[in-house]
Asker: 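Quick one: the structure is below, questions incoming.
A quick note: this is a predicted structure, and the numbers were derived from the prediction, not measured. The sequence lines fix the lettering, A, B, ..., with proteins before strands; numbering per chain opens at 1.
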Amino acid sequence: MADDNDKRTLSYREAAGEGLREALNRDERVFLMGEDVGRYGGCFAVSKGLLAEFGPERIRDTPLSESGFVGIGIGAAVGGMRPIVEIMTVNFSLLALDQIVNHAATLLHMSGGQFNVPVVIRMSTGAGNQLAAQHSHRLEGWYAHIPGIKILAPATLEDVHGMLQPALEDPDPVLIFEHSVLYNLQQEVPAEFSAVDISTARIHRVGSDVTLITYGASLYKCLDAAATLTEQGIEAEVIDLRVLRPLDETTFLNSVRKTRRALIVDEGWRSGSLSAEISARIMEQAFYDLDAPVERLCSAEVPMPYAQHMEQAALPQPEAIVAMIKRMVAGGDGVDHE
Amino acid sequence: MADDNDKRTLSYREAAGEGLREALNRDERVFLMGEDVGRYGGCFAVSKGLLAEFGPERIRDTPLSESGFVGIGIGAAVGGMRPIVEIMTVNFSLLALDQIVNHAATLLHMSGGQFNVPVVIRMSTGAGNQLAAQHSHRLEGWYAHIPGIKILAPATLEDVHGMLQPALEDPDPVLIFEHSVLYNLQQEVPAEFSAVDISTARIHRVGSDVTLITYGASLYKCLDAAATLTEQGIEAEVIDLRVLRPLDETTFLNSVRKTRRALIVDEGWRSGSLSAEISARIMEQAFYDLDAPVERLCSAEVPMPYAQHMEQAALPQPEAIVAMIKRMVAGGDGVDHE
Amino acid sequence: MEKTSPKLTELFDRDTAVERLRQMTLLRRFEEKSAELYSATKIRGFLHLYVGQEAVATGIIPYLNPDDGVVATYREHCHALLKGVSAASIMAEMYGKQEGCSRGRGGSMHLFDAASRFYGGWAIVGGGMPLAAGLALADKMQHTGRINCVFFGEGAMAEGEFHEAMNLASLWQLPVLFVCENNLYAMGTRLDLSEAQTDLSQKAASYNVASRAVDGMDLLQVTEAARQAISHVRSGQGPYFLECRTYRFRAHSMFDAELYREKAEVEQWKQRDPLLSYGQLLQKLGCLDDAALEQLEADVAHEVDEAVRYAEAGSWEAVEDLSRFVYSET
Amino acid sequence: MEKTSPKLTELFDRDTAVERLRQMTLLRRFEEKSAELYSATKIRGFLHLYVGQEAVATGIIPYLNPDDGVVATYREHCHALLKGVSAASIMAEMYGKQEGCSRGRGGSMHLFDAASRFYGGWAIVGGGMPLAAGLALADKMQHTGRINCVFFGEGAMAEGEFHEAMNLASLWQLPVLFVCENNLYAMGTRLDLSEAQTDLSQKAASYNVASRAVDGMDLLQVTEAARQAISHVRSGQGPYFLECRTYRFRAHSMFDAELYREKAEVEQWKQRDPLLSYGQLLQKLGCLDDAALEQLEADVAHEVDEAVRYAEAGSWEAVEDLSRFVYSET
Ligand SMILES: Cc1ncc(C[n+]2csc(CCOP(=O)(O)OP(=O)(O)O)c2C)c(N)n1
Ligand SMILES: Cc1ncc(C[n+]2csc(CCOP(=O)(O)OP(=O)(O)O)c2C)c(N)n1
Ligand SMILES: [Mg+2]
Ligand SMILES: [Mg+2]
């Protein structure tokens, strides 16, 4: 709060921008490249002001050429720079997938360890702003299928600020997915952010009755649901995965072994979502510790509709989390599956 | 066999080619389009001879422009044709992903049901020919995450021949993945192929002790393993999924409820593979019927190496299937997880 | 770019001349109302306005046949209106009502209408071009005599999909008219920061595609060029590339702070407002007097009001129908 | 394409002239041996030979500095050899041995060598171009004075990645030399079936990139043009597009039945074999006699034999190391 000298209130957008500014100041090899990162002020205003501060060489507006400039980022990384490539949204990243999956993810291996690719690729992700089917993908969990790249999903201001630095220090390609509904989120943060890692999941709330596993903007829905549940005598442990590849399975397995129940909340489409992988790993490694089957709450398997009531109906909601958990804790086979 | 009038021996390649020829003969709106489908004779020789038979309008060689000609196929389908678009291999399909995921998969929904997209997209998939990291993807399970498209994985001659016609009759985009190591597979088939559906999984072998769930070329590894296991008194039921989206869960759930144990063999990379989705569904719907945790055998999570011994080590093998099943049936927590 | 305009009387009879003014007025008023409704949160998501560019679509779409196809971008309200999609169904779409032309599933960026062969409404920049070439291939293979027209911004030309679609359309001589609406900016990126070669006709030449560049603020120039381009395409001579130099008077979308251009530049372009200058020309030529102009504005206002009324009166699709239209209902 | 060749004596001293012959001979013999070993199943996967095109890489790569970067395709054995990757480590790579330049993980299509700045060995057509432009951006931003050279076939030019990489390289004036090896076919697809505009210099112009087209069977023409192109790029004037018209004498890969071209066409091109014609020129000019030629062939044969010996003697990587090099070891 403003009256506390060590604290301040910031938006997720500002925290991300601060992370960029610090990275640019810290290392001359770092530059930011993407559509409208400079003169326009950034699609989500994250990079606003950086052009004036660092100039057009280091805040580099690109044409609409996703495959081209992502590939150039990869090449520049191999060539000794530390590019931060911004793809405006995950939807457009499908145009650059060949460069990410066929090139960035394979080079180290194909060259027998000779050429690593220290590129960072940031993009926004997520639904919830009525942007319809071509602007609402949540594919970070899908990207997590690809070996050779690392996938981060910062849900907090601390993470969206702090994950950038370790990502830049990482010798391999790192993709950072910022959820677009979070940009306006305000949180109280310390005057100086502290460092974070890009290898572990984080327990946001300790609980004993059920484990809620999630990532990205759904974290807040899970925390909401946990607050409701506590009033009803159910204590949920809430885990923010933070890193989608490689998964920190120790954290969620330990939690599930303790609570004996788990619900995974994943904004991705259900079939083949990251939630399936987590469920499968719990199956394989904690089956005998379970009191009930692991359940999943995901997005409806539809291209995202524009109308608000339909979009909200397609997304996981706190009420549904609460209802599912109450059924799970009540026991029996009561959860419906479509 | 040659001495039986009603039977003949054919290769998977020839069966696929016969399917194409029949489709072209059956419906004037059908045409085949892709790189080197005509003059070259087809990358895997599947379409060899068709150019002479149907001419360059209907056997249409394209430049190297995956996004362009896949998009043209989508548009031509909307415009009343029934294109079969061939992408030489799944690896190159990453260049066309925007057209497939952002365009073909969304149009029906975004237009409120007005425009369906009756396009068929065929491509080869799979590893096993020492083609290294950029030519060995197995991404059909990954594609199965996307709503709005259907995903087929024909493992038999009957299916590679027969799935094409229902795919062409389907009003929505259908992707057919032919595993490249199968092209030389010879099987005995009837003089006339019979029709197949594109909605159900198929039980290839009935068994009582464990369910082996698989698709594509891994089917044969599972059948091999099942043969070995039977000598050791273990009867495996082998299910070929055939259709990866939408999944026919009834077939595998019923089987697992009977055998109480399941191993999923999936040539995809393990994390986020289709095997995870199947495991999660069994968790959700057959948890209380299980005698042991569902297990998965997938590819190692590495870009595919060139050297043969390394490539084979990266892929699921019959010996590993046998070993895993023996441990599962022996009971206890004996399966190692890396 | 061409320097002189054709004479109005060589292009239009009196009724047509006035009809074009009515059309441009409708486009302008419809979008002004949309902006208002966006501020009132009746319309949500992204809203991209065409204000300033009206002469482009108005000079072209009326010369297509009703069964020709049109493919457009997220900045497509006006193209839809001109192709025959009703103002009411577009407004209802932007409200998210099931009476909308895309049943409320598409919103402003995804207008579709099978009846008028309006094929969207696409929001991946460049993504509509292969689709349009594909529609053209279907028309060619089926000998329908139809052509297809795809609209896109100059920014889209840096995308690989432009390159592939142009080459394929030319290689296969497909009946498709590529219309580049060069409004100088792609969001905040000026043409010279997006294209190493800003003479866009050189790009058309590199695909062996016939081309022409006209003043997109001048309805007469656009009209004359469109008729020629359409007859080129319809006569089977292959694709055509028409560049229309224009300007958007408003922000890229409702979220744009317009940091990337000077107010003075915008003001200068507004001096060439196609609606005003064409209206003045008509008055000067005596095609309509003040009273007729007033009546025209009143008619347009009525149409826009009716559209809003229709949208307001519309209904929400049942949530139970969420999973419809992922696959066809058979 | 240019009609006349420069004089040999204007380009080379005697030693250099002979060295070029030795290089082309090595390329040829190395690949002939590779084909043999493929038939003997020592080499597996895909194998794409460069036979017939040797004058292209030989005319260019020797004029790069050792620390300049080269990016190539799956048809890259010869580019790697010329850039300084040893024949032994290439052969070992194709055997899949861990002594290979990519540790046996890449194979024929994925040769890499950090020491000689040979950046692959890429098998997605067009995919190497953005990478090369990126290396060039790094060099430009770090003021290294280095340039980068990317080789690709004419078929790759239809890909969107070509379009995007050319435009960006030109827009940002990156030090990258684009070398199109126009061998007339992309697998079985002839240039005129792949490009609506077969005059490829028009494409370069559409990105504002300086260009030149030369006879790729003529080492002297290639050499002269390469020196000019390299000095253009190195002096900071931006990218350059060099088209070398050439022909591959052998099948696309070892799986190609060559249904798409006439044997007579191949034979006609073989009349212009760059190795033979250049060798004859040297003899005519008295740069080397029969004995010297014999010695040269013997030296090359020895180098190739040594490479095979090295590959044969190599070892298999331990299976336990399978999951190495997915992520860096830190
Ligand atoms: C592939 C892709 N990349 C980025 C965007 C974000 N975006 C939307 S419109 C736009 C600018 C397009 O400019 P132009 O093609 O000139 O059309 P205009 O908006 O000027 O009409 C951008 C960058 C997008 N929608 N799709
Ligand atoms: C994106 C992509 N599409 C298709 C292929 C299959 N393929 C490999 S080489 C080739 C032809 C390339 O021709 P060109 O660029 O002219 O090079 P050349 O082989 O003649 O040297 C094709 C179609 C591929 N490797 N990558
Ligand atoms: Mg524009
Ligand atoms: Mg070629």
Asker: Checking C/Glu329 now: which residues fulfil salt bridge (charged side-chain N to carboxylate O under 4.0 Å, His left out) with it, not counting sequence neighbours?
Answerer: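 Result, salt bridge (charged side-chain N to carboxylate O under 4.0 Å, His left out) vs C/Glu329: C/Arg324.
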Asker: Just jot down the side chain to side chain donor-acceptor pair (under 3.5 Å) partners of A/Ser136, sequence neighbours excluded, or say none.
Answerer: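 Here no residue qualifies.
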Asker: Taking all atoms of both residues into account, what is the closest heavy-atom pair of C/Ala186 and A/Leu64, and its distance?
Answerer: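 Heavy-atom minimum between the residues: CB-CD1, 4.0 Å.
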Asker: As an exercise, state the distance from OH of C/Tyr74 to NE2 of A/His135, rounded to the nearest 0.5 Å.
Answerer: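 Answer rounded to 0.5 Å: 9.0 Å.
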Asker: Between A/Ala300 and chain C, with a heavy-atom cut-off of 4.5 Å, which part of the residue counts as in contact: side chain, backbone, both or neither?
Answerer: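 It is the side chain, since no backbone atom gets that close.
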Asker: List the steps, then state whether side chain to side chain contact (heavy atoms under 4.5 Å, CB included) holds for A/Arg39 with C/Arg190.
Answerer: CA-CA 9 Å; A/Arg39 292 159 188 86; C/Arg190 218 173 45 224; 5.7 Å; no
Asker: Do any of residues 93-100 of chain A have a heavy atom less than 4.5 Å from a heavy atom of chain C, and if so, which, in residue order?
Answerer: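 So far as heavy atoms go, A/Leu95 are the residues that approach chain C to under 4.5 Å.
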Asker: Answer yes or no: is there a donor N or O on one side and an acceptor on the other, between the side chain of A/Tyr306 and the main chain of C/Arg44, under 3.5 Å?
Answerer: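 Yes, the answer is positive, given that a donor and an acceptor are paired below the 3.5 Å cut-off.
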Asker: State the CE-CD distance between C/Met94 and A/Gln130, to the nearest 0.5 angstrom.
Answerer: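 The CD atom of A/Gln130 is 13.0 Å from CE of C/Met94, to the nearest 0.5 Å.
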Asker: Let me know if C/Met187 has heavy atoms under 4.5 Å from chain A in its side chain, its backbone, both or neither.
Answerer: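 C/Met187 touches chain A through backbone and side-chain heavy atoms alike.
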Asker: Side chain from CB out, backbone as N, CA, C, O: work out which of these in C/Ala257 comes under 4.5 Å of a heavy atom of chain A, or both, or neither.
Answerer: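 Contact with chain A: none, neither part.
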Asker: Residues of residues 65-77 of chain A under 4.5 Å from chain C (heavy atom pairs)?
Answerer: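 Under the 4.5 Å heavy-atom cut-off, A/Ser65, A/Glu66 qualify.
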Asker: Just checking C/Gln268: does its CD atom have more than 12 heavy atoms from other residues, nucleotides or ligands closer to it than 6.0 angstrom?
Answerer: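 No, the 6.0 Å shell around CD holds no more than 12 heavy atoms from other groups.
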Asker: Determine the interplanar angle of the A/Tyr40 and C/Tyr260 rings, folded into 0 to 90°, and report it as parallel if under 30°, tilted if 30 to 60°, perpendicular if over 60°.
Answerer: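 Rings of A/Tyr40 and C/Tyr260: parallel, under 30°.
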Asker: Run the side chain to side chain contact (heavy atoms under 4.5 Å, CB included) check on C/His110 and A/Gln134 step by step: do they pass?
Answerer: CA-CA 9 Å; C/His110 302 301; A/Gln134 293 195 318; 3.3 Å; yes
Asker: Checking A/Asp36 side chain against C/Gly188 main chain: does a donor-acceptor pair fall under 3.5 Å?
Answerer: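 Flag set: sc A/Asp36 to bb C/Gly188 pair under 3.5 Å.
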Asker: For C/Ala318, is there any backbone N or O sitting under 3.5 Å from a side-chain donor or acceptor partner on A/His309?
Answerer: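 Judged by distance alone, no pair lies under 3.5 Å.
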Asker: Would a 4.5 Å heavy-atom cut-off, applied to side chains only, mark A/Pro303 and C/Val326 as touching?
Answerer: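 A/Pro303 reaches C/Val326 side chain to side chain.
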Asker: Could you grab the distance from atom CD of A/Glu301 to atom OH of C/Tyr327, nearest 0.5 Å is fine?
Answerer: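 Result: 8.0 Å between the selected atoms.
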Asker: Name the region of C/Ile43, side chain, backbone, both or neither, that has any atom closer than 4.5 Å to a heavy atom of chain A.
Answerer: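 For C/Ile43, backbone and side chain are both near chain A.
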Asker: Write down the atom of A/Ala132, the atom of C/Gly106, and the distance for their closest heavy-atom approach.
Answerer: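 Answer, listing the atom of A/Ala132 first, then C/Gly106: CB-O, 3.6 Å.
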Asker: Can you tell me which of C/Gly96, C/Ala158, C/Ser253 forms the most heavy-atom pairs within a distance under 4.5 Å of chain A?
Answerer: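 Top count of heavy-atom pairs under 4.5 Å with chain A: C/Ala158.
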Asker: Can you tell which part of C/Glu161 gets under 4.5 Å to a heavy atom of chain A, answering side chain, backbone, both or neither?
Answerer: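 Side chain of C/Glu161 only, per the 4.5 Å heavy-atom cut-off to chain A.
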Asker: Shortest non-hydrogen contact from A/Ala313 to C/Val319?
Answerer: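 Heavy-atom minimum between the residues: CB-CG1, 3.6 Å.
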Asker: With rounding to the nearest 0.5 angstrom, report the CG to CG distance, C/Leu193 to A/Asp61.
Answerer: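 C/Leu193 atom CG to A/Asp61 atom CG measures 7.0 Å (nearest 0.5 Å).
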